[in-house]
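Following: one structure in structure tokens, then a few remarks.
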Amino acid sequence: MHSAFVHPVDQAQQTFRVVLSAMAEPLLPQALPTLPPALPGLKATTTALLYTLADQDVRVWLPALPDDTVASLRFHTGMRLTDLPEEADFIVLTGNMPLPDLMSLKAGSAEYPDRSATLLIEVDGFSAEQVEGSGPGFTAPRRFGAAGLPSGFWAEWQRNHARFPLGVDAVLISDTHVAGLPRSVRIREG
């Protein structure tokens, strides 16, 4: 069994505050204050998010990971796993995995738009190279880029945004930072 946060309550609360801030200020990478030991197959940042966001009330879709990684995540969070991304509350995508069809994922409903999926996508790093984002949470349009995103990601994200207030949200994850990408963000490529 792998160890988790040294101070689970405090460190999970700190991580949660960073994720909330990242979603409130989209496409502005924010550093996590502390990281747990990385689990085989996942970035330490992704591990921190799963320890913070997953519990027995959510269903998580994971890529193929070592058995001890999955066992540790289940032990520390109580999360339930699903074999189908379409049923998941959180979908984890590690290095260069293809993007699932965003239109097939949980998008919420008119009554409960918050009952949607969140993608946790590992990337190689952040830049200001690919797109311009605007919308709620932006004082002015912001340039942004992420190396290692799945092919066609930004075009798919524009399709996802067109369903707003329904759709999925995403958190982009580097080795030390996270960047929020709520479905409300308007993206202009180039």
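Residues Val168 and Phe144 share a hydrophobic cluster, clusters being chains of Ile/Leu/Val/Met/Phe/Trp/Tyr side chains in contact below 4.5 Å. No continuous path of ILVMFWY side-chain contacts below 4.5 Å connects Leu166 to Leu102, so the two sit in separate hydrophobic clusters. Put simply, Leu149 and Val185 are part of the same group of oily side chains (I, L, V, M, F, W, Y) that touch within less than 4.5 Å, one to the next. Ile121 and Leu53 end up in different hydrophobic clusters when Ile, Leu, Val, Met, Phe, Trp and Tyr side chains are linked at under 4.5 Å.
A 4.5 Å side-chain heavy-atom check between Leu32 and Thr176 finds every atom pair outside the cut-off. At least one side-chain heavy atom of Leu105 sits under 4.5 Å from a side-chain heavy atom of Pro85. The shortest distance between side-chain heavy atoms of Leu93 and Leu120 does not fall below 4.5 Å. Looking at heavy atoms from C-beta onward, Thr47 lies out of side-chain contact with Leu49 at the 4.5 angstrom threshold. With a 4.5 Å cut-off on side-chain heavy atoms, Leu119 and Leu181 do not count as touching.
Between the CG atom in Asp55 and the CE atom in Met79 there is a gap of 10.5 Å [rounded to 0.5 Å]. The distance from atom CZ of Phe5 to atom OG1 of Thr34, rounded to the nearest 0.5 Å, is 5.5 Å. Here Thr77 contributes atom OG1 and Phe90 contributes atom CZ; the two are 10.5 Å apart, rounded to the nearest 0.5 Å.
Of all non-hydrogen atoms in Ile187 and Gln158, the two that sit nearest each other are O-NE2, 2.8 Å. Nearest heavy-atom pair across Leu172 and Ala146 is CD1-CB, 4.3 Å. The two residues Pro150 and Pro98 come nearest to each other via the heavy atoms CB-C, 4.3 Å. Between Ile91 and Ala117, the shortest heavy-atom contact is CD1-CB, 3.9 Å. Closest approach of Pro113 to Pro165, counting heavy atoms only: CB-O, 3.7 Å.
Applying the ring pair (Phe, Tyr, Trp, His ring centres under 6.0 Å) definition to pairs two or more places apart or across chains, none involves residues 95-116. The ring pair (Phe, Tyr, Trp, His ring centres under 6.0 Å) contacts involving residues 156-190 comprise Phe153-Trp157, where partners must be two or more places apart or lie in separate chains. Within the structure, the side chain to side chain donor-acceptor pair (under 3.5 Å) test picks out the following pairs touching residues 179-190 (sequence neighbours left out): Ser116-Arg183, Glu132-Arg188, Asp169-Arg183. Contacts classified as side chain to side chain donor-acceptor pair (under 3.5 Å) and involving residues 120-130 (residues at least two apart or in different chains) are given here: Thr46-Glu122, Gln130-Trp154. For residues 139-150, no pair satisfies side chain to side chain donor-acceptor pair (under 3.5 Å), with sequence neighbours left out.
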Exercise answer: donor-acceptor pairs, residues 56-63 side-chain atoms, under 3.5 Å, sequence neighbours excluded:
from  : atom 1 : to    : atom 2 : distance (Å)
Arg59 : NH2    : Glu87 : OE1    : 3.2
Trp61 : NE1    : Asp83 : O      : 3.4

Less than 3.5 Å apart, which donor and acceptor atoms pair up between the side chains of residues 35-44 and the rest of the protein, not counting sequence neighbours?
from  : atom 1 : to     : atom 2 : distance (Å)
Lys43 : NZ     : Val123 : O      : 3.4
Lys43 : NZ     : Asp175 : OD1    : 2.8

Less than 3.5 Å apart, which donor and acceptor atoms pair up between the side chains of residues 15-28 and the rest of the protein, not counting sequence neighbours?
from  : atom 1 : to    : atom 2 : distance (Å)
Thr15 : OG1    : Gln11 : O      : 2.9
Ser21 : OG     : Gln30 : OE1    : 3.0
Ser21 : OG     : Gln30 : NE2    : 3.2

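Judged purely by atom type and a 3.5 angstrom limit, Asn160 has no side-chain atom pairing as donor or acceptor with the backbone of Gly167. Not one N or O on the side chain of Thr69 forms a donor-acceptor pair closer than 3.5 Å with the backbone of Leu65. The backbone N or O of Ser174 lies less than 3.5 Å from a partner atom in the side chain of Thr45, making a donor-acceptor pair.
Residues forming a side chain to side chain donor-acceptor pair (under 3.5 Å) with Asp10 (at least two apart in sequence, or on another chain): none. In terms of the side chain to side chain donor-acceptor pair (under 3.5 Å) criterion, Arg80 has no residue partners (sequence neighbours excluded). In this structure, Arg115 has no side chain to side chain donor-acceptor pair (under 3.5 Å) partners at least two apart in sequence or on a different chain. Phe138 pairs by the ring-ring contact (aromatic ring centres under 6.0 Å, His included) definition with nothing, not counting sequence neighbours.
Other residues, nucleotides and ligands contribute at most 12 non-hydrogen atoms within 6.0 Å of the CG atom of Asp67.
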